[in-house]
Amino acid sequence: MFDPIAMQMTTIGPTNYNGAELTGTGDGRLYAFGGVPSAKLIQFDKQTAQAIETLPFGNLPLTNAFAFAFWGGDFYFFTLGDPNGQADYSKVTKLDYDDSDNSGKALTTVHANAPIRVVGAGVSTCAPLEPPG
């Protein structure tokens with residue numbers, strides 16, 4: 001946690017996995033995408049750092065270049081198209097987190113060979129919580 005008056009950081013809780021990216025949602029929820037050998041999505045309580053929910057992904061490996069973002073009720077994961085790190089392109093995988101596609105929080109590949117190697121993603125605090133339309 002960051003105290004802007006004292007200009008100090010304070011650890012509020014440890015993690016039990018190696019490496020992760022963080023993102024938030026427009027309604028203030030905090031998530032991490034991390035874990036080796038198998039990746040997982042973790043929702044955290046922002047005050048205590050306790051895990052609220054953990055979704056393991058047995059078939060989505062965390063590669064040496066990865067990122068994720070939230071938009072329209074779903075998460076988008078960017079991992080290397082080649083899990084061994086031999087490619088300069090990313091795979092884009094969508095998690096139907098809000099079940100708006102009626103797929104039960106299933107992972108689907110959106111693009112197997114995106115033309116760039118994605119290593120970071122950002123989310124606006126005004127990104128929609130529900131799919132438009």
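Atom NZ of K91 sits about 13.0 Å away from atom CZ of F78, to the nearest 0.5 Å. Here the straight-line distance linking atom CG of D88 with atom CD1 of I116 works out to 11.0 Å at 0.5 Å rounding.
Every side-chain contact (heavy atoms from CB on, under 4.5 Å) that A49 has, sequence neighbours left out, goes to I12. Among residues two or more places apart in sequence or in another chain, the salt bridge (charged side-chain N to carboxylate O under 4.0 Å, His left out) test is passed with K40 by none. Under the rule for a side-chain contact (heavy atoms from CB on, under 4.5 Å), the partners of V123 that lie at least two apart in sequence or sit in another chain are T23, A69, A127. Scored by the ring-ring contact (aromatic ring centres under 6.0 Å, His included) test, F66 finds F33 as partners (sequence neighbours excluded). Applying the salt bridge (charged side-chain N to carboxylate O under 4.0 Å, His left out) criterion to K46, with sequence neighbours excluded, gives no partner residue. With sequence neighbours excluded, no residue forms a side chain to side chain donor-acceptor pair (under 3.5 Å) with D99. T11 meets the side chain to side chain donor-acceptor pair (under 3.5 Å) test with no other residue; sequence neighbours excluded. Applying the side-chain contact (heavy atoms from CB on, under 4.5 Å) criterion to T10, with sequence neighbours excluded, gives no partner residue. The salt bridge (charged side-chain N to carboxylate O under 4.0 Å, His left out) search around D74 returns K94, not counting sequence neighbours. Annotation: salt bridge (charged side-chain N to carboxylate O under 4.0 Å, His left out) contacts of D27 (sequence neighbours excluded): R29.
When the side chains of ILVMFWY residues are joined at heavy-atom separations under 4.5 Å, either directly or via intervening members, V110 and V118 end up in a single hydrophobic cluster.
If you check the side chains of S100 and D98, you find a donor sitting under 3.5 Å from an acceptor.
In plain terms, the two heavy atoms of A32 and F68 that are nearest each other are C-CZ, 3.8 Å.
Annotation for F2: hydrophobic cluster partners, listed by chain and number, are M7, M9 (ILVMFWY side-chain heavy atoms under 4.5 Å, direct or chained).
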Show the atom names and distances, to 0.1 Å, of all donor-acceptor pairs under 3.5 Å that link a side chain in residues 51-63 to residues at least two apart or in another chain.
unit_1, atom_1, unit_2, atom_2, d
E53, OE1, Y97, OH, 2.4
E53, OE2, K105, NZ, 3.0
T63, OG1, A65, O, 2.8
T63, OG1, L80, N, 3.0

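Between the side chain of D101 and the backbone N or O of S103 there is no donor-acceptor pair closer than 3.5 Å. In terms of modelled atom types and a separation under 3.5 Å, the side chain of T109 and the main chain of H111 share no donor-acceptor contact.
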Exercise for the section: Take Y31 and F75 through the ring-ring contact (aromatic ring centres under 6.0 Å, His included) test and state the conclusion after the steps. Expected result: CA-CA 10 Å; Y31 292 86; F75 287 96; 4.7 Å; yes
Problem - Full working for side chain to side chain contact (heavy atoms under 4.5 Å, CB included) between T93 and L95 - result: CA-CA 7 Å; T93 305; L95 172 67; over 6 Å; no
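The shortest distance between side-chain heavy atoms of Y89 and P115 does not fall below 4.5 Å.
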